[in-house]
Undergrad: 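Below you will find the structure I want to go over with you.
Chain letters run A, B, ... following the sequence lines, proteins first and then strands; every chain starts at 1.
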Amino acid sequence: MRLIVAGVEKEYADGLSLTRLIELEKVATPQYVTVSLNDAFVESGAFPDTFPRDGDSVEFLYFMGGGR
Amino acid sequence: MAFAHEQLERYSRHIILKEVGVRGQRKLLESRVLVVGAGGLGSPAALYLAAAGVGTIGIVDADVVDLSNLQRQILHSTPDVGRAKVESARETLEALNPEVTVQVSRLRLSADNILDRIRDYDFILDGTDNFPAKFLINDACVIARKPFSHAGIIRFQGQMMTYVPGRGPCYRCVFENPPPPDAVPTCSQAGIIGAMGGVIGSLQAMEAVKYLLGIGSLLTGSLLTYDALKAAFRKIPLPARKNCAVCGERPSISAPFDYAQDACVLP
């Protein structure tokens with residue numbers, strides 16, 4: 001299936017969970033990432049049971065703390 | 001009141017813009033913006049706001065200027081090392097534009113003082129460097145119905161969003177709760193390329209100016225990210241979270257509160 005992950009369209013295995021996608025994409029600090037699927041937030045507890053489908057768009061939103 | 005000749009000249013490049021004009025420039029002169037943190041983000045933001053003639057600029061910061069700040073915090077110069085950042089900031093901004101009133105508060109914002117501090121301002125700019133402060137500013141602005149610009153920068157990356165009451169998600173919609181102290185690195189631990197504050201802080205000033213003038217589209221409902229190494233900006237749509245603890249349908253947070261400070265931001 002094709003997914004658009006962080007704006008880039010790529011081929012992924014069917015039946016991939018968000019948890020597995022986070023691993024595959026080597027997301028930094030995976031336990032603190034916010035994920036949106038087709039412009040809706042996914043609760044972090046639901047990552048293992050959420051399976052993006054062909055054509056879906058996934059965004060990773062990261063804490064960024066600096067400023068001074 | 002008519003503009004004096006000197007004002008017409010100072011702001012001529014604004015006044016010539018049809019989106020600003022004399023009326024817009026007057027709006028800016030009558031506006032009040034609070035900059036929290038006179039550091040990497042707050043420096044360029046406050047400089048551009050002062051140059052633009054934003055009539056009253058508040059600066060909140062508890063710290064003194066350190067030599068390691070000068071690689072990016074362009075409100076301060078080498079002779080300022082050891083001085084209070086708010087005093088150094090006041091001097092720089094008044095020299096740039098003596099017409100601007102600079103109100104400084106040498107303190108750290110907390111649940112006890114934040115509502116008083118933001119009350120008199122039209123727009124708040126978050127230039128802080130830690131998550132407890134970012135959540136505090138978010139919650140207070142949502143509760144007091146104040147628009148604000150959020151930003152964070154680290155290494156070669158920056159991101160920002162704008163919150164306007166009643167128009168889209170707040171910072172807590174996106175991130176819910178701060179990460180545990182030291183779970184996510186901050187600038188002092190991870191480093192920051194100096195010009196990143198210039199890029200993102202200037203964009204925060206741009207958001208404030210657009211909001212004050214009522215022109216264009218703001219970064220409400222989207223997160224703008226900048227990756228300097230890839231030379232790439234992205235605008236990521238942000239949904240609101242119906243069950244957000246502060247701006248959701250049944251909020252559980254009705255007053256600002258303090259999270260424990262990150263150890264690394266203590267002086």
Side-chain angles (χ1 to χ4, degrees), chain A, chain B residues 36-43 61 63 69 72-73 85 126-131 133-134 150-155 157-160 169 173-180 183-192 196-197 200-201 221 223 225 232 234 236-241 243 262 264-265:
Chain A
M1 64 173 174
R2 309 282 294 175
L3 296 179
I4 302 161
V5 177
V8 180
E9 189 175 337
K10 277 196 288 187
E11 189 68 32
Y12 293 89
D14 288 343
L16 189 77
S17 70
L18 277 183
T19 302
R20 183 73 189 120
L21 183 65
I22 287 167
E23 288 168 10
L24 275 179
E25 291 296 316
K26 299 187 173 64
V27 166
T29 59
Q31 62 274 48
Y32 305 116
V33 73
T34 296
V35 178
S36 75
L37 173 62
N38 299 333
D39 302 340
F41 291 124
V42 182
E43 300 297 330
S44 57
F47 290 173
D49 305 314
T50 303
F51 302 93
R53 291 187 297 195
D54 188 57
D56 281 358
S57 171
V58 179
E59 291 287 354
F60 300 121
L61 304 158
Y62 301 96
F63 276 112
M64 210 170 278
R68 298 204 316 188
Chain B
V36 186
L41 293 166
S43 285
D61 201 306
D63 289 345
N69 299 152
R72 64 199 180 284
Q73 302 185 10
K85 281 189 180 176
D126 171 10
T128 63
D129 62 356
N130 65 90
F131 298 110
K134 290 182 186 302
H150 156 82
I153 52 176
I154 196 160
R155 300 192 184 104
Q157 308 221 315
Q159 65 183 27
M160 57 182 296
C173 284
V174 185
F175 293 110
E176 296 192 277
N177 290 294
V184 176
T186 59
C187 288
S188 53
Q189 300 156 315
I192 174 72
M196 183 57 72
I200 302 296
L223 184 78
T225 67
R234 290 192 66 225
I236 303 170
L238 293 178
R241 206 184 278 269
N243 62 351
D262 294 342
C264 58
V265 301

Undergrad: First locate atom CG of B:N243, then atom CD of A:E43, and finally report the distance between them rounded to the nearest 0.5 Å.
TA: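 Answer rounded to 0.5 Å: 5.5 Å.
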Undergrad: With a 4.5 angstrom heavy-atom cut-off, is it the side chain or the backbone of B:Q157 that approaches chain A, or both, or neither?
TA: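 Both the backbone and the side chain of B:Q157 come within 4.5 Å of chain A.
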Undergrad: Taking all atoms of both residues into account, what is the closest heavy-atom pair of A:M64 and B:K134, and its distance?
TA: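 The answer is O-CE, 4.0 Å.
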Undergrad: Taking all non-hydrogen atoms of both residues into account, name the closest pair between B:P237 and A:D39 and its distance.
TA: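 Closest approach of B:P237 to A:D39, heavy atoms only: CG-OD1, 3.6 Å.
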Undergrad: Below 4.5 Å from any heavy atom of chain B, which atoms of A:Y32 appear? Answer side chain, backbone, both or neither.
TA: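 The answer is the side chain of A:Y32.
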Undergrad: Do side-chain atoms of B:Q159 reach the backbone of A:Y62 as a donor and acceptor pair under 3.5 angstrom?
TA: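 Yes; judged by distance alone, with no hydrogens or angles, the pair exists.
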Undergrad: With respect to chain B, which residue among A:S36, A:A6, A:A40 yields the maximal number of heavy-atom pairs within a distance under 4.5 Å?
TA: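 Most pairs with chain B among the choices: A:A6.
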Undergrad: Check each atom of B:D126 against the heavy atoms of chain A and say whether the ones under 4.5 Å are side chain, backbone, both or neither.
TA: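 It is neither, since no heavy atom gets under 4.5 Å.
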Undergrad: Tell me, yes or no, whether the heavy-atom count around A:R53 atom CZ, taken from other residues, nucleotides or ligands under 6.0 Å, exceeds 12.
TA: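 12 or below, so no.
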Undergrad: Looking at chain A, which one of B:G158, B:A240, B:G197 has the largest number of heavy-atom pairs inside 4.5 Å, strictly under?
TA: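 Highest number of heavy-atom pairs under 4.5 Å: B:G158.
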Undergrad: Mind checking the CD1-CZ spacing from B:I236 to A:F60? Nearest 0.5 Å is all I need.
TA: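 Separation between the atoms: 10.5 Å.
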Undergrad: Might you point out which heavy atoms bring A:T34 and B:F175 nearest each other, and give the distance in Å?
TA: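 Nearest pair, atom of A:T34 first, then B:F175: OG1-CD2, 3.7 Å.
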